[in-house]
Amino acid sequence: MEFTVIWCFQSLHKKVDLFTIKRINLIIFPVKKQAKNMFTIITGAQFGDEGKGKIVDMMASQYDIVARFQGGDNAGHTVVAEGKTYKLHLIPSGVLFDARLLIGPGTVMNPKILMEEIAMLAENGTVVKPDKLGIDAKTSIIMPYHIALDSLRESKRTVKIGTTNRGIGFAYVDKVGRDEIQMADIADRNRFLKRLEEIAPQKEAAIRELGGDPKIARSEVDNYLEIGKKLKPYVTDVSMEINLALKEGKKVLAEGAQGSHLDIIHGTQKFVTSSSTVAGSACAGLGVGPTKVDKVIGVIKAYITRVGEGPLPTEQKNDVGEHLREKGGEFGTTTGRPRRCGWFDLPLARKSINLNGYTSMALTKLDVLTGLETLKICVRYELAGKIIDYPPELSDELAKYKPVYMELAGWDEELSDLESFTELPGNAREYVKLLEQLMKVDIEYISVGPGRKQTFKK
Ligand code: GTP
Ligand code: IMP
Ligand code: MG
């Protein structure tokens, strides 16, 4: 029980003079305790694959709900727990704990991939029933024609994007174009067939025009209906669930996919994904007001990677890049493609801090820097004598700028078994402290390996 205290000054109509106040009335009455909102958002501060899956898994035990708000199975979140490695694409990374899991209506969902993931988890002893997972009725469904269009379109592009070919872009095109098929549609035979009848002819025409086989537009109908029947009990209203949970004082964690510079609005177009990956998108995608947010955590690697095309100013196509790729296991979780690797890029970090309003950061993969004699941090960019410390807005401009580095001494000690900041070698501590000073945001967590125990608070 909390109490509100109201001081009543007599003669307040007169000029307040503390010495002349004769009497102070103290009125005390109980007020209902206001539950503090606990709506935390986690997003990637770079180009994705920062290790959000691991950080979400680490935090999930403290939350009642973990929700995905954007993207689809282009995401690959890796969770390593009790000797097992889980590669999750759609199911939120809190799955190994008791949290309720939600897939919000801002996502695009391939139901076949979801079923595969539910089966994979069941094989590993985690049963995902409707009391555990909820899928919003309005979640966009990725259809076979989206995947076909994604690859056909990419094959025609002279400058490729490097899409994961999961149909993400075309599913979002249909969402925005109001031609989507939703979760509620595949859960109802008549709705689905009626909707497809309306949509299929334009998909057949589009596929034909790109040189593909139009039959794909009406393929897998029975399969989708079968899956729809199985998923029907999972259908929910995500916004309603989350708002109710927050009113009851429960804690909600929103799990981002991809990274801030892959954002469809603020990223490095055209080399971006088709959803909004920044923190504000969690509110829009889950139907929660921004006044409910208590924390926004940015996950950021101690270096940088990018998979697919697009500018990466600090990319190292040399032994350093090779070191980061091999030691960091930098191969795409979804596609297996080698990730491009480079030094930490402060201007890009500054931009993602602005885009997300981070309250703190989780620094991952510090262990990967072990063995590099000299470390570099890009602190600004330079082009023909012009120095800037914030990325230019356009991708083709960004691609022209050269990084300006500051150098630090590296360390040789392996970090994977360390359990606290103070145990880190001096140069590693200096590196972390410098990043924190440069970013002007607290580094709350430091990760030194893929496992749960390999994270500590700074
Ligand atoms: P997207 O949503 O696809 O952007 O992915 P993500 O941010 O969840 O990251 P992803 O799991 O694709 O990639 C991170 C990889 O690094 C995984 O293989 C993790 O197991 C691994 N990892 C995470 N943290 C650390 C760390 O501190 N050190 C090392 N060595 N590996 C880590
Ligand atoms: P799409 O979203 O599959 O169309 O891919 C568009 C761009 O985003 C490509 O450059 C992909 O490599 C990149 N991308 C998409 N999802 C991820 C991810 O989860 N991690 C890293 N990059 C991604
Ligand atoms: Mg990934």
Side-chain angles (χ1 to χ4, degrees), residues 42-58 68 70-81 84-90 92-93 108 110 142 146-147 149-151 153-154 157 160-173 255-264 267-275 277 298-303 305-312 324-340 362-370 414-416 418 445-456:
I42 293 193
T43 65
Q46 294 160 322
F47 292 97
D49 308 317
E50 298 91 349
K52 296 176 292 294
K54 176 195 150 142
I55 300 296
V56 170
D57 167 73
M58 181 195 80
R68 272 282 303 270
Q70 46 73 228
D73 62 295
N74 49 349
H77 298 300
T78 313
V79 173
V80 180
K84 285 183 190 165
T85 299
Y86 300 85
K87 291 185 187 297
L88 303 167
H89 300 283
L90 285 168
S93 302
V108 289
N110 182 330
I142 296 186
H146 291 135
I147 300 170
L149 285 165
D150 215 0
S151 3
R153 183 71 194 94
E154 180 81 334
R157 285 188 179 110
K160 312 278 180 207
I161 291 173
T163 165
T164 59
N165 279 325
R166 298 295 179 120
I168 307 296
F170 282 85
Y172 275 111
V173 165
E255 172 180 14
Q258 293 88 41
S260 301
H261 301 298
L262 292 177
D263 184 273
I264 185 68
T268 53
Q269 286 93 344
K270 68 176 188 183
F271 312 99
V272 291
T273 189
S274 301
S275 64
T277 56
V299 185
I300 195 158
K301 279 182 200 183
Y303 48 97
T305 63
R306 176 167 204 164
V307 60
E309 305 304 317
L312 185 64
L324 297 171
R325 189 172 307 110
E326 288 308 317
K327 197 163 168 64
E330 297 295 0
F331 297 89
T333 312
T334 301
T335 59
R337 289 179 291 179
R339 293 179 187 143
R340 299 154 63 198
L363 182 72
T364 58
K365 299 202 141 183
L366 188 63
D367 54 301
V368 176
L369 297 182
T370 290
E414 292 297 342
L415 310 185
S416 305
L418 304 187
Y445 300 100
I446 296 172
S447 170
V448 291
R452 274 185 184 159
K453 290 191 179 134
Q454 293 167 307
T455 318
F456 42 82

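Quick note: residue numbers are just sequence positions, from 1. Remember, it's 1-based here, ligands and their atoms both numbered in the order they're listed.
- Contact between G259 and ligand 1 is absent, with no heavy atom of the residue lying under 4.0 Å from the ligand.
- If you take CD1 on I161 and CD on E309, they are separated by 10.0 Å, rounding to the nearest 0.5 Å.
- In this structure, K301 NZ and L369 CG are separated by 11.5 Å, a value rounded to the nearest 0.5 Å.
- Applying the salt bridge (charged side-chain N to carboxylate O under 4.0 Å, His left out) criterion to R340, with sequence neighbours excluded, gives E315.
- Around the Mg ion (ligand 3), the protein N, O or S atoms found under 2.8 Å comprise D49 OD1, G76 O.
- Which parts of ligand 1 touch G48 is read off a 4.0 Å heavy-atom cut-off, strictly below it: atoms 4 (O).
- Of the protein's heavy atoms, D49 N, 2.6 Å lies nearest to atom 4 (O) of ligand 1.
- The distance from atom CG of D150 to atom OG of S274, rounded to the nearest 0.5 Å, is 7.5 Å.
- Between G449 and ligand 1, a contact under 3.5 Å exists for at least one N or O pair.
- For atom 8 (O) of ligand 1, the closest non-hydrogen atom of the protein is H77 ND1, 2.7 Å.
- Listed by atom number, the atoms of ligand 1 under 4.0 Å from K52 heavy atoms are 1 (P), 2 (O), 4 (O), 5 (O), 6 (P), 7 (O), 8 (O).
- With a 4.0 Å heavy-atom cut-off, ligand 1 is reached by the backbone of Q258 but not by any atom from C-beta on.
- At a heavy-atom cutoff of 4.0 Å, ligand 1 is contacted by no atom of T85, backbone or side chain.
- Q258 and N74 share a side-chain donor-acceptor pair at under 3.5 Å.
- A side-chain donor-acceptor contact under 3.5 Å links E50 to the backbone of G48.
- Taken from OG1 in T273 to CZ in R166, the straight-line distance is 12.0 Å, to the nearest 0.5 Å.
- Of all the heavy atoms in Q70 and S275, the pair that sits closest is NE2-OG, 2.9 Å.
- Between N110 and I147, some side-chain heavy-atom pair lies under the 4.5 Å cut-off.
- Side chains of T268 and R306: a donor on one and an acceptor on the other come within 3.5 Å.
- Atoms of ligand 1 found under 4.0 Å from any heavy atom of V448 (numbered from 1 in listed order, with element): 27 (O), 28 (N).
- The salt bridge (charged side-chain N to carboxylate O under 4.0 Å, His left out) check on R339 picks up D49, E330, with sequence neighbours excluded.
- Every heavy atom of G328 sits 4.0 Å or more from the atoms of ligand 1.
- At least one heavy atom of R339 sits closer than 4.0 Å to an atom of ligand 1.
- Distances from atom 21 (C) of ligand 1 to the heavy atoms of K54, K301, K365 show the closest one on K365.
- The 4.0 Å heavy-atom shell around ligand 2 contains residues F47, D49, N74, A75, G76, I161, G162, T163, T164, Q258, L262, V272, T273, V307, G308, R337, ordered by chain and number.
- Below 3.5 Å of separation, one finds no N or O of N74 facing any N or O of ligand 1.
- When only interatomic distances are considered, the shortest N/O to N/O separation between K327 and ligand 1 does not fall below 3.5 Å.
- Taking only non-hydrogen atoms, the option from G76, G53, P450 nearest to atom 5 (O) of ligand 1 is G76.
- K54 NZ to S93 OG: the interatomic distance, rounded to the nearest 0.5 Å, is 12.5 Å.
- Each of the following atoms of ligand 1 lies closer than 4.0 Å to a heavy atom of A75: 2 (O), 3 (O).
- Counting the atoms of ligand 1 from 1 in the order shown, those under 4.0 Å from a heavy atom of S447 are 24 (N), 25 (C), 26 (C), 27 (O).
- The option with the heavy atom closest to atom 29 (C) of ligand 1, from among I42, T305, D367, is D367.
- Considering only non-hydrogen protein atoms, atom 19 (C) of ligand 1 sits nearest to T78 CB, 4.0 Å.
- Assignment of A257 to the shell around ligand 1 is supported, since a heavy atom sits closer than 4.0 Å.
- Rounded to the nearest 0.5 Å, atoms NZ (K160) and CZ (F271) are 12.0 Å apart.
- Residues R337 and T164 share a closest heavy-atom pair of NH2-CG2, 3.7 Å.
- When each of V307, L312, V272, T277 is paired with F47, the side-chain contact (heavy atoms from CB on, under 4.5 Å) condition holds for L312 and for no other.
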